[in-house]
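First up is the structure itself, then whatever we jot down about it.
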Protein chains: 2
Amino acid sequence: MPATLKDIAQLSGFSITTISRALGGYSDVSPKTRQRIIEIANQIGYEPNLVARQLRQQQTHTIGFIIPEDTFSDGFFSQLLMGIGHAAAQYHNDVLISTQLPDNEELAAYRRIAGGNRVDGMVVARTRQNDPRITYLESIGLPYVVSGRLAPDEVSDFPYIDVDSQDGVRKAVIHLTERGHRHIALILPPQEMAYTAYRLLGYCLGLDDANIPYRDEYVVTGNLEHSGGYEQTHYLLANFPAITAIVACNDHMALGTMEAIRERGLTVGKDIAVIGFDDIVSAGIATPPLTTIRQPIFEIGERLIQMLIQIIQNQPPKEQQVLLPTTLVIRQTT
Amino acid sequence: MPATLKDIAQLSGFSITTISRALGGYSDVSPKTRQRIIEIANQIGYEPNLVARQLRQQQTHTIGFIIPEDTFSDGFFSQLLMGIGHAAAQYHNDVLISTQLPDNEELAAYRRIAGGNRVDGMVVARTRQNDPRITYLESIGLPYVVSGRLAPDEVSDFPYIDVDSQDGVRKAVIHLTERGHRHIALILPPQEMAYTAYRLLGYCLGLDDANIPYRDEYVVTGNLEHSGGYEQTHYLLANFPAITAIVACNDHMALGTMEAIRERGLTVGKDIAVIGFDDIVSAGIATPPLTTIRQPIFEIGERLIQMLIQIIQNQPPKEQQVLLPTTLVIRQTT
DNA sequence: ATCTTAATCCAAAACGTTTTGGATGTCAAC
DNA sequence: GTTGACATCCAAAACGTTTTGGATTAAGAT
């Protein structure tokens with residue numbers, strides 16, 4: 001039974017309206033009155049009921065973020081979340097997180113949170129091809145912002161921030177060809193990930209730059225986890241001994257790749273070069289430290305929120321579709 | 001302008017009450033009516049306004065979690081959060097996250113979120129000595145649950161889940177003495193952390209078990225980050241060359257310790273043994289893989305929520321103060 | 001004395017829902 | 001034809017706030 005405006009009204013003898021306006025800093029309440037009211041409010045530990053305020057004002061100062069269920073140990077997601085939380089706080093917004101359970105229909109959480117008026121806007125991550133979440137958010141007209149574009153053959157006509165992963169992978173491949181590698185394998189993310197196509201494209205361009213022919217059998221798909229890199233690397237090295245370098249499309253897989261290489265009695269960085277993607281914390285402290293394509297995950301989270309807040313406030317930013325550059329962080333696996 | 005009960009009422013000719021009760025599954029509405037109402041609701045894409053519902057029912061089905069500002073890259077925190085989110089979802093609860101900004105007064109966020117009725121309960125982590133957040137939550141009577149006890153000299157008479165870190169460190173020290181180490185250093189967390197005392201205690205007990213005298217100069221304090229382990233290790237090894245083993249109170253610091261050891265031309269696991277604490281993902285994939293005291297972080301998050309939900313539902317669990325065991329994961333740094 | 005103006009204050013509506021306490025109608029039993 | 005019993009429905013209050021559109025009073029101008 002927390003204190004309400006009504007309580008202060010009764011204690012002070014003023015009306016609820018006046019209490020509200022006094023605490024709200026309006027000018028139509030006399031200094032003495034205001035002081036008295038503030039005094040009482042402090043004394044009984046009044047805190048405004050935010051739910052009531054939200055209902056009345058029809059805004060929540062809250063941003064929604066729905067976490068897929070299979071993302072427990074994903075360094076990318078938690079770092080993105082930290083960036084989101086940090087920026088949101090600067091705009092006096094909180095973040096409402098809903099974890100999606102395996103058995104639930106995918107859109108259910110979006111309907112509940114977004115359709116149920118619990119948030120002013122949403123950030124959606126991990127776009128897949130033809131993403132139904134975007135269709136839904138568009139249909140209800142709620143502000144949203146996306147981490148990652150759609151695939152190159154789809155139009156991404158919504159506000160997003162993505163990283164130029166095509167260019168990133170290309171730089172990585174060039175880096176390898178410059179060191180003499182000509183048999184370079186690629187471990188892609190699953191097909192349905194929207195960015196997969198960009199990475200494959202970058203790989204092809206990189207090979208092209210060095211006049212190396214594309215070989216389909218050097219390109220495989222991993223599950224984005226340690227095990228994916230591990231298994232595919234064993235497969236690749238067992239079947240194509242000519243391979244001297246492997247580009248994995250995230251750091252988790254790259255670390256799995258390193259382990260597989262070691263298991264085969266080879267030396268990472270000497271016999272087989274490895275490049276990852278993301279530059280998560282583990283990459284820098286792996287042994288040997290992993291050469292990787294860094295994307296500024298925390299910053300992406302921050303900028304997503306900046307963009308979203310502007311859209312919520314009806315001041316759509318000029319740049320609604322941002323492509324951030326990647327950096328090739330050269331460490332000791334190449 | 002999302003659809004409301006009123007809209008359905010107007011379209012169907014029934015009253016708002018009936019709409020509400022039809023959709024709510026009450027038995028006092030005829031099958032035909034209910035069917036018609038559901039039909040219209042689906043047709044216009046009705047979703048209940050959760051804010052209104054929260055206000056009316058005086059409960060939010062939301063759990064609050066406030067993240068300190070200095071926790072961006074902390075693997076512990078994000079993993080705890082994942083556990084929290086996962087368990088909360090199973091109880092149909094969402095998680096409201098508020099990031100605390102550096103300049104803000106600490107309790108401000110708690111007052112806003114907890115005092116402002118935005119959540120049904122809170123989980124507080126990273127207890128410090130004489131924690132004011134607990135005092136506050138207790139004063140307003142909001143259900144809460146704590147990750148980690150207070151220091152041994154304070155009474156922790158609130159629901160918590162902690163890990164028996166005293167026993168953990170003791171096991172680690174015993175493991176080291178069994179391998180012949182007699183000059184074992186300890187890098188503690190900052191004083192104000194409540195669990196620091198437990199770890200020091202475990203260290204003392206472990207030494208005692210092997211009849212090794214306690215030496216004050218072997219015990220230092222680090223900042224819980226990579227740099228803390230790094231700097232203190234350089235200090236220790238420069239001043240006390242007799243040291244052959246270092247226990248760091250979290251994995252981040254342990255990884256810093258490993259780096260410092262390498263920089264001094266020594267070999268981790270051979271010249272100097274290292275043991276960490278937590279068993280974050282990076283520990284297992286470090287090179288060499290880090291021997292560490294594992295605490296089940298994800299599970300702690302889950303159990304915190306189970307406990308909290310029970311308290312919220314007024315069914316206080318018999319076990320309100322849980323001490324989970326740690327596991328010494330022996331890898332290759334010892 | 002009357003009129004303006006400014007300074008304070010407040011009643012009531014509104015946000016969208018759930019819940020309480022009936023109201024109405026129908027049908028069977030007597 | 002009266003009485004219950006049951007099925008179906010609904011008006012109004014309530015949750016705690018903000019906001020609208022005045023009302024009241026006092027002071028200053030004429």
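Here the structure is a predicted model, which means the values were calculated and not measured. Below, chains carry the letters A, B, ... as their sequence lines are ordered, and counting in each starts from 1.
- Proximity of B/S30 to the phosphate of D/dC9: a side-chain N or O atom is located under 4.0 Å from OP1 or OP2.
- Residue A/N49 contributes atom CG, which lies 10 Å from atom P of D/dT18 at whole-angstrom precision.
- Using bins of under 30°, 30° to 60° and over 60° for the plane-to-plane angle, the ring pair B/Y144/B/F158 lands in the tilted bin.
- Nucleotide C/dG16 holds its C1' atom 13 Å from the CD atom of A/Q54, rounded to whole Å.
- Comment: A/E192 does not engage A/R128 in a salt bridge, judged by the lack of any side-chain N to carboxylate O separation of less than 4.0 angstrom.
- Side chains of A/T17 and A/S20: no donor on one and acceptor on the other come within 3.5 Å.
- Using modelled atom types, one finds a donor on one side chain and an acceptor on the other under 3.5 Å when comparing B/D120 with B/T60.
- Rounded to an integer number of Å, the gap from B/I19 CD1 to D/dT8 P is 16 Å.
- We find that CZ of A/R118 is positioned 15 Å from C1' of C/dG16, with the value rounded to whole Å.
- Of the side-chain N and O atoms in B/T18, none sit less than 4.0 angstrom from OP1 or OP2 of D/dT8.
- Distance B/R34 CZ to D/dC10 P: 14 Å, rounded to the nearest Å.
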Could you go over nucleotides 19-25 of chain D and give all protein N or O partners under 3.5 Å, atom names and distances?
{"from": "D/dT19", "atom 1": "OP2", "to": "A/Y26", "atom 2": "OH", "distance (Å)": "2.9"}
{"from": "D/dT19", "atom 1": "O4'", "to": "A/R56", "atom 2": "NH2", "distance (Å)": "3.3"}
{"from": "D/dT19", "atom 1": "O4", "to": "A/T17", "atom 2": "OG1", "distance (Å)": "3.4"}

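- Phosphate contact (OP1/OP2 of D/dT18, side-chain N/O of A/Q58, threshold under 4.0 Å): absent.
- Between A/T4 and D/dC15 there is no side-chain polar atom (N or O) within less than 4.0 angstrom of OP1 or OP2.
- Of the side-chain N and O atoms in B/S27, none sit less than 4.0 angstrom from OP1 or OP2 of D/dA7.
- Regarding A/L55, its CG atom lies at a distance of 13 Å from the C1' atom of C/dT18, rounded to whole Å.
- With D/dC9, C/dT17, D/dT8 as the candidates, the nucleotide lying closest to the side chain of B/P31 is D/dT8.
- In this entry the distance linking CD of B/E47 with P of C/dT17 reads 11 Å, nearest Å.
- The pair B/E39-B/R34 fails the salt-bridge criterion, with no side-chain N (NZ, NE, NH1 or NH2) lying under 4.0 Å from an Asp/Glu carboxylate O.
- The CD1-C1' distance, from B/I8 to C/dG16, rounds to 12 Å in whole Å.
- Using modelled atom types and a 3.5 Å distance limit, the side chains of B/R118 and A/T62 yield a donor-acceptor pair.
- Across all strands, A/G13 comes closer than 4.0 Å only to sugar-phosphate atoms, never to a base (heavy-atom distances).
- Two rings, from B/H86 and B/F298, have their centers less than 6.0 Å apart.
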